[in-house]
Peer 1: 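Just dropping this structure here.
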Amino acid sequence: MDIPKPGLSSAMPGHLIRRLHQRATQVFTQRVRQAGFDLTPVQFSALDALRHNPGIDQAGLAAIVAKDRATLGDVLDRLEQKGLVARTTSARDKRARVLRLTTQGEGMIAALTPLVTRLQDEILSGLSKAEVARFVQLAAKAAEAIEEG
């Protein structure tokens, strides 16, 4: 039986980024569930951003986690239902919602941060430490260029 040959797309950045994203999501989900938590990577990112930006509004948080406002609204709905995030009306702008972690949310992000930090090595397990550092540098540069775009 002949071994299938990869197509041109297998060497394209978009295809490789998609594959890495799948791997990152898979590893994150498995490790977080094994630790007894029910949280997606985007939910973790939102909690982490809120930990560093208490009192931010939804539009600001959407920019930080790189999600559109509608998608972030859905994420926040789920986090609020889980008791991890509280939303209140802004005193400065009655249309804006101010966000903060609840005590339960603070506890969850504190418990998960070391786990998520450790699983990063598993996502890029085929790379040396120097290669991981270079990969992160280049990925950050590409992401920054998109944002400036």
Side-chain angles (χ1 to χ4, degrees), residues 1-87 96-102 104-149:
M1 179 172 192
D2 291 334
I3 297 174
K5 296 176 186 169
L8 174 65
S9 66
S10 66
M12 291 183 171
H15 175 75
L16 296 170
I17 291 166
R18 182 188 61 76
R19 288 180 56 202
L20 285 171
H21 178 262
Q22 286 177 318
R23 174 70 175 150
T25 300
Q26 177 188 44
V27 169
F28 179 96
T29 301
Q30 287 174 347
R31 298 300 167 256
V32 168
R33 282 189 183 153
Q34 287 170 350
F37 297 98
D38 177 27
L39 209 65
T40 67
V42 173
Q43 291 170 343
F44 176 84
S45 293
L47 292 176
D48 183 55
L50 279 174
R51 176 174 50 172
H52 296 289
N53 300 279
I56 194 170
D57 65 17
Q58 282 186 219
L61 185 61
I64 291 171
V65 299
K67 290 290 179 185
D68 62 80
R69 290 168 70 173
T71 300
L72 183 70
D74 292 341
V75 169
L76 290 169
D77 287 345
R78 287 189 286 284
L79 291 173
E80 193 171 36
Q81 290 167 2
K82 292 178 181 187
L84 304 174
V85 170
R87 293 188 263 196
R97 304 291 299 268
V98 176
L99 307 166
R100 67 171 179 78
L101 292 176
T102 63
Q104 185 178 348
E106 289 173 4
M108 182 176 279
I109 195 70
L112 279 174
T113 298
L115 170 73
V116 173
T117 299
R118 284 191 309 272
L119 69 82
Q120 300 308 304
D121 290 338
E122 189 176 345
I123 292 167
L124 296 173
S125 61
L127 301 180
S128 70
K129 292 222 181 268
E131 289 170 329
V132 168
R134 183 69 177 147
F135 172 84
V136 169
Q137 179 186 32
L138 292 172
K141 183 177 179 178
E144 186 177 304
I146 290 168
E147 291 169 5
E148 291 174 356

Peer 1: Nearest 0.5 angstrom please: E122 CD to Q30 CD, how far?
Peer 2: 7.5 Å

Peer 1: Give the minimum heavy-atom separation between Q58 and L72, together with the two atoms involved.
Peer 2: O-CD2, 3.3 Å

Peer 1: Would you indicate whether R19, at its atom CZ, is surrounded by more than 12 heavy atoms from other residues, nucleotides or ligands within a distance under 6.0 Å?
Peer 2: no

Peer 1: Do R31 and Q34 meet the criterion of a side-chain donor-acceptor pair at a distance under 3.5 Å?
Peer 2: yes

Peer 1: Rounded to the nearest 0.5 Å, how far apart are CD1 of I17 and CE of M12?
Peer 2: 12.5 Å

Peer 1: Run the side-chain contact (heavy atoms from CB on, under 4.5 Å) check on L20 and L124 step by step: do they pass?
Peer 2: CA-CA 8 Å; L20 285 171; L124 296 173; 4.0 Å; yes

Peer 1: Using a 4.5 Å cut-off on heavy atoms from C-beta on, say whether the side chain of D74 contacts that of T71.
Peer 2: no

Peer 1: Should we say atom CG of D38 is surrounded by more than 12 heavy atoms from elsewhere, each under 6.0 Å from it?
Peer 2: no

Peer 1: Check side chain to side chain contact (heavy atoms under 4.5 Å, CB included) between D121 and all other residues, then give those that pass, not counting sequence neighbours.
Peer 2: K129

Peer 1: Can you tell me how far NE2 of H21 sits from CG of L16, rounded to the nearest 0.5 angstrom?
Peer 2: 14.5 Å

Peer 1: Test your reading of the model: is there a side-chain donor-acceptor pair from S45 to the backbone of V65, 3.5 Å cut-off?
Peer 2: no

Peer 1: L39 and L84: which non-hydrogen atoms are nearest, and at how many Å?
Peer 2: CD1-CD1, 4.0 Å

Peer 1: Just by distance, no angles: are the side chains of Q137 and R134 close enough, under 3.5 Å, to form a donor-acceptor pair?
Peer 2: yes

Peer 1: Over all heavy atoms of both residues, which pair between T102 and A86 is shortest? Give the atoms and the distance, please.
Peer 2: CG2-N, 3.9 Å

Peer 1: Applying salt bridge (Lys or Arg N to Asp or Glu O under 4.0 Å), which residue pairs with at least one partner in residues 47-65 are found, sequence neighbours left out?
Peer 2: D48-R51

Peer 1: For K67, look at atom NZ and say whether over 12 heavy atoms of other residues, nucleotides or ligands are found less than 6.0 Å away.
Peer 2: no

Peer 1: Counting heavy atoms not belonging to H15, are there more than 12 under 6.0 Å from its NE2?
Peer 2: yes

Peer 1: Give the minimum heavy-atom separation between G73 and R87, together with the two atoms involved.
Peer 2: O-NH1, 4.0 Å

Peer 1: How far apart are the C-alpha atoms of T25 and Q22, what are their side-chain angles, what is the distance that settles it, and do they pass the side-chain contact (heavy atoms from CB on, under 4.5 Å) test?
Peer 2: CA-CA 5 Å; T25 300; Q22 286 177 318; 6.0 Å; no

Peer 1: More than 12 heavy atoms of other residues, nucleotides or ligands under 6.0 Å from CZ of R33: yes or no?
Peer 2: no

Peer 1: Find the distance between CZ (F28) and OG1 (T40) and round it off to the nearest 0.5 Å.
Peer 2: 6.5 Å

Peer 1: With no hydrogens and no angle check, is any side-chain donor or acceptor of E131 less than 3.5 Å from a backbone partner on S128?
Peer 2: yes

Peer 1: Quick one: closest heavy-atom pair of A111 and F37, and the distance?
Peer 2: CB-CZ, 3.9 Å

Peer 1: Specify the closest pair of heavy atoms between L115 and V32, including all atoms of both residues, with the distance to one decimal.
Peer 2: CD2-CA, 3.9 Å

Peer 1: Could you tell me if the side chain of L61 sits less than 4.5 Å from the side chain of L76, heavy atoms only?
Peer 2: yes

